[in-house]
Amino acid sequence: MTRIPTLRQLARDILSCLPVLLGFLTIHSALAAAYIVPSVSMEPTLRIGDQIGVIVPSYGLSTANLPFGTLLKPSAETDSRLFGRLPHRGDVVVFRAPANLHQTWVKRVIGLPGDTVALVHGRVILNGTVLPWKDMGPTREESRKNVWRAAERYEETLPGNIRHNILKMSQDGDLDNIAPFTIPPNHLFVMGDNRDNSADSRVSVADGGVGLLPVWNLQGQARAVLWSWRDIGRTALVL
């Protein structure tokens, strides 16, 4: 005869499994996470609706990785990461947006601490060298959802022969010319691949941009498009 468990027994069984479940969830969130891209700032690499897989401990861990990390931001700009390492130039990173720590943004790392950066007519000059561009031909930019405009696609090459595609609509926009400056310690210079439609390190935090990104804000490295609700062909695309 099969014994039917009582409500009390079911509750006890569930509670006994709770520590294991919580442990699994903690390990999962500490190792990997997924985010949905909400904007066009990383076109053509990432598009609206892409769900990206993020390796959380790629750059070590900081309180920015915790759900309540906004309450634990260090007061000084120090390297406050456990097992921390800097990203490589060209890495696509997710981070707490300096202008609103409750939001997670995604950009590409262009400059590291100590690098000198400038922009002239949209071209990035890194440590005195203009990053090479290769014209890949005309394309379209989705300036907002389902609204398109003409753009040009270029392949940009970072030191180490790291290549990625970018979009440009003009060569003399508001963000295309920046005087040389040196990135301070524990900060990064990040840009969106959609160079004319990205509030990145070229835009100050006061104006809603990223400014120079503190290393503390990093939450992980985006490695792949796990799923795309708008273009199933992008599923499993490695970044």
Side-chain angles (χ1 to χ4, degrees), residues 39 41-46 52 54-55 58-60 62 64 74 76-81 84-99 101 103-134 154-168 171-223 239:
S39 75
S41 70
M42 280 295 291
E43 286 186 354
T45 306
L46 297 173
I52 54 176
V54 176
I55 305 300
S58 296
Y59 312 117
S62 79
E77 299 295 354
T78 57
D79 185 2
S80 52
R81 304 188 71 82
R85 75 164 181 85
L86 288 173
H88 297 293
R89 298 184 189 91
D91 284 1
V92 178
V93 298
V94 297
F95 54 89
R96 288 189 181 272
L101 294 178
Q103 295 181 355
T104 295
W105 287 11
V106 57
K107 306 290 180 190
R108 188 181 299 276
V109 175
I110 301 296
L112 302 176
D115 284 344
T116 298
V117 178
L119 273 87
V120 176
H121 302 304
R123 302 292 296 272
V124 176
I125 304 174
L126 184 63
N127 297 323
T129 300
V130 179
L131 296 186
W133 277 8
K134 178 181 178 182
Y154 296 91
E155 180 186 76
E156 184 176 70
T157 303
L158 285 160
N161 202 33
I162 306 300
R163 303 179 182 185
H164 57 273
N165 286 336
I166 65 171
L167 292 186
K168 286 292 293 176
Q171 306 302 328
D172 284 297
D174 294 339
L175 304 178
D176 282 336
N177 295 281
I178 297 177
F181 66 92
T182 300
I183 303 171
N186 300 312
H187 289 76
L188 305 168
F189 183 81
V190 299
M191 300 180 76
D193 290 346
N194 188 348
R195 292 292 169 81
D196 295 331
N197 198 349
S198 176
D200 47 41
S201 286
R202 298 170 293 174
V203 181
S204 70
V205 175
D207 291 328
V210 176
L212 291 175
L213 178 67
V215 171
W216 174 85
N217 293 56
L218 290 174
Q219 293 183 302
Q221 180 183 6
R223 298 301 298 271
L239 300 177

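Just so we're clear, the structure is a prediction, and the values are computed from it rather than from any experiment. Along the sequence shown, residues carry numbers from 1.
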Worked verdict on I125 versus L119 for side-chain contact (heavy atoms from CB on, under 4.5 Å): CA-CA 6 Å; I125 304 174; L119 273 87; over 6 Å; no
Taking side chain to side chain donor-acceptor pair (under 3.5 Å) as the definition, give me every residue that meets it alongside [X], ordered by chain and number, with sequence neighbours left out.
| X | value |
| --- | --- |
| R195 | E156 |
| R163 | N161 |
| T157 | none |
| E155 | none |

Candidate pair L218 and L213, rule side-chain contact (heavy atoms from CB on, under 4.5 Å), full reasoning: CA-CA 9 Å; L218 290 174; L213 178 67; 4.1 Å; yes
Which atom of [X] lies closest to which atom of [Y], heavy atoms considered:
| X | Y | result |
| --- | --- | --- |
| A199 | G208 | CB-O, 4.0 Å |
| G90 | I162 | CA-CG2, 4.1 Å |
| N217 | A97 | ND2-C, 4.3 Å |
| A222 | I52 | CB-CD1, 4.0 Å |
| T182 | G114 | CG2-O, 3.8 Å |

From [atom1] ([X]) to [atom2] ([Y]), nearest 0.5 Å:
| X | Y | atom1 | atom2 | answer |
| --- | --- | --- | --- | --- |
| H88 | D91 | NE2 | CG | 6.0 Å |
| L188 | S201 | CG | OG | 8.0 Å |
| K134 | Y154 | NZ | OH | 13.5 Å |
| F95 | Q103 | CZ | CD | 10.5 Å |
| S41 | L46 | OG | CG | 8.5 Å |

For the residue pair [X] and [Y], establish whether any side-chain heavy-atom pair is separated by less than 4.5 Å.
| X | Y | answer |
| --- | --- | --- |
| V92 | V106 | yes |
| V124 | V130 | no |
| P113 | N186 | no |

Pairs in or reaching into [range]: which pass salt bridge (Lys or Arg N to Asp or Glu O under 4.0 Å), with residues at least two apart or in two chains?
| range | value |
| --- | --- |
| residues 174-186 | K168-D176 |
| residues 201-216 | D200-R202 |
| residues 183-194 | R108-D193 |

For [X], side-chain contact (heavy atoms from CB on, under 4.5 Å) partners two or more places apart:
| X | result |
| --- | --- |
| R89 | L112, D115, L126, N127, L158, P159 |
| A99 | V205 |
| S58 | I55, Q221 |

N177 side-chain N/O to H121 backbone N/O, donor-acceptor pair under 3.5 Å: yes
Partners passing ring pair (Phe, Tyr, Trp, His ring centres under 6.0 Å) against F189 (at least two apart in sequence or in another chain): F181
Stacked cation flag R96 on W105, 6.0 angstrom / 45 deg: no
Stepwise side-chain contact (heavy atoms from CB on, under 4.5 Å) test for R223 and L239: CA-CA 5 Å; R223 298 301 298 271; L239 300 177; 5.9 Å; no
Pair S198-M191, side-chain contact (heavy atoms from CB on, under 4.5 Å): steps then yes or no: CA-CA 7 Å; S198 176; M191 300 180 76; 5.9 Å; no
